[in-house]
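Numbers for residues simply follow the sequence, beginning at 1. What's counted below: heavy atoms across the whole structure, side chains too, no hydrogens, waters or symmetry copies.
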Amino acid sequence: MDEQDQLILDSLGRFLEREVKPHVMALEHDDIYPAEIVERMKELGLFGATISAEYGGLGLSTSTYAKICETVSTVWMSLAGIFNSHLIMAAAVERFGTEEQKAQFLPRFATGELRGGLALTEPDCGTDLQAIRTTARRDGNQDYVVNGTKTWISNGIYGQIFALLVKTDPAAEPRHRGMSLFLAEKGPGFTVSRKLEKLGYKGIDSAELIFSDYHVAADRLIGGAEGRGLQHALGGLELGRINVAARGVGVAQAALDEAIRYSQQRKTFGKPICEHQAIQLKLGEMATQVRAARLLVEDAARIYDRGERCDMEAGMAKLFASETAATVSLEAMRIHGGYGYSKEFIVERLYRDAPLLLIGEGTNELQRIIIARQLIARNPV
């Protein structure tokens, strides 16, 4: 990591300590969107973290970006979700968009003036994206007309634009050849039907979006050609899975830190519980898992930065780090005993946040399948 990247991380750390940490408990428990914090995130350049400098972004490497996601998630994981979905959308435009699309949208994405995310998941499909039902049909030469519903869309309420996955040819075989990805801005025919209540991951707005005869111009088709939408979406999910993995490391590290601190303060049978072997066994296992997860994230990020295919490595990082977050947050709660179940302690929130990571950006069951298929493909007999 060069000096400039380290300065960015140092500035981020000060921001989190002074302007986020004192407010997390109240915002999260009441599920309040952190509007003021988001404005400061714009000023810090987080919405342009991975966008190239030529378009006004910070142009950070994925390795540095993963460190940012981890650092943010040690304080409040929801904030990482607010800029992650946005940056996956931006990555799809930068990697696959036309020159006109890049020039028109990336500078506005980088400043956070225009924010949004991915609109992939539907009520009847998540992991199997080829089963989506939202359609976009030509209306003359200039527009497509979109009809359908998307759900669990991050930034759905406060975002303005989304990378929208649709079927432009529902009869195509194989199915992915009939799928396309559009940049869809809110307007007539595009409505937010409701905010979705969640176990954890609060503060960030998760919503259901409805498209009813929504018109989107043909020049908003990412890449300018139909039938490539699934590949564009999945390409962005590599970055998303590295982000989710980094979030897992952050949540797990926070849980470990809380457990270490509490185990030195709490006494039973005349001594701090950190001196009991049963607690030491837990702490040793937790610390090892966190370190292993961090190394897997760093490995995947390096490969992504080299421009190489990394769906297996990103899948490994996402699988292990998210499982680590779930395991370590539970163990931290057990170390805290009854206090771990109290909303007055941080571990209660970490315990509720962690399960999302097992599901988001592709379930861990899917990650295992991706890993296995890549192992076979890379090691033919």
Return yes when atom CD of Glu36 has more than 12 non-hydrogen atoms of other residues, nucleotides or ligands closer than 6.0 Å, and no otherwise.
no
Got a salt bridge between Glu348 and Lys343, using NZ or NE/NH1/NH2 to carboxylate O under 4.0 Å?
no
When you measure from the side chain of Gln101 to the backbone N and O of Asp219, does any donor-acceptor pair fall under 3.5 Å?
yes
Checking Arg368 against Asn364: is there a side-chain donor and acceptor pair closer than 3.5 Å?
no
Flag the pair Glu113 and Lys42 as a salt bridge only when some basic side-chain nitrogen lies within less than 4.0 angstrom of an acidic carboxylate oxygen.
no
Treating Thr363 as the side-chain partner and Leu366 as the backbone partner, does any N or O pair qualify as donor plus acceptor under 3.5 Å?
yes
Tell me which donor-acceptor pairs under 3.5 Å the side chains of residues 6-16 have, and how far apart each pair is, sequence neighbours excluded?
residue: Gln6; atom: NE2; partner: Asp10; partner atom: OD1; Å: 3.0

With a 3.5 Å distance limit and no angle check, can you tell me whether Ser78 reaches the backbone of Lys202 through a side-chain donor-acceptor pair?
yes
When Phe47 is tested against each of Leu114, Val38, Leu87 for side chain to side chain contact (heavy atoms under 4.5 Å, CB included), which residue passes?
Val38
Would you find more than 12 non-hydrogen atoms of other residues, nucleotides or ligands less than 6.0 Å from Arg334 atom CZ?
no
Salt-bridged, Arg133 to Glu122, with N to O below 4.0 Å?
no
Backbone N or O of Glu344 within a donor-acceptor pair of the Ser342 side chain at under 3.5 Å?
yes
Taking atom types as modelled, find out whether Thr327 and Gln289 have a side-chain donor-acceptor pair closer than 3.5 angstrom.
no
Hey, does the side chain of Gln130 reach the backbone of His176 with a donor-acceptor pair shorter than 3.5 angstrom?
yes
Charged N to carboxylate O below 4.0 Å: is that the case for Glu173 and Arg177?
no
Among Phe162, Tyr158, Phe109, ring-ring contact (aromatic ring centres under 6.0 Å, His included) partner for His86
Phe109
Write out all pairs satisfying ring pair (Phe, Tyr, Trp, His ring centres under 6.0 Å) with one or both partners inside residues 248-293, taking only residues at least two apart or from two chains.
Tyr262-His336
Side chain Lys318, main chain Gly240, donor-acceptor under 3.5 Å
no
Give the intermediate values and the outcome of side-chain hydrogen bond (donor to acceptor under 3.5 Å, both in side chains) for residues Ser85 and Asn155.
CA-CA 8 Å; Ser85 296; Asn155 297 324; 4.8 Å; no
Apply the hydrophobic cluster definition, ILVMFWY joined by side-chain contacts under 4.5 Å directly or through others, and give me every member besides Tyr341.
Leu330, Met333, Tyr351
Would you confirm whether Arg352, through its side chain, and Leu199, through its main-chain N or O, come within 3.5 Å as a donor-acceptor pair?
yes
Could you tell me whether a side-chain N or O of Ser193 sits under 3.5 Å from a main-chain N or O of Leu209, the two making a donor and an acceptor?
no
Counting N and O atoms only, with roles assigned by atom type, does the side chain of Gln264 sit under 3.5 Å from a partner on the main chain of Cys274, one being a donor and the other an acceptor?
no
Under the 3.5 angstrom rule, does the side chain of Glu258 hit a backbone N or O of Ala332 as a donor-acceptor pair?
no
By the definition side chain to side chain contact (heavy atoms under 4.5 Å, CB included), identify the one residue from Arg220, Glu226, Arg137, His215 that meets it with Tyr144.
Glu226
Distance-minimising heavy-atom pair for Cys310 and Ile242:
SG-CD1, 4.5 Å
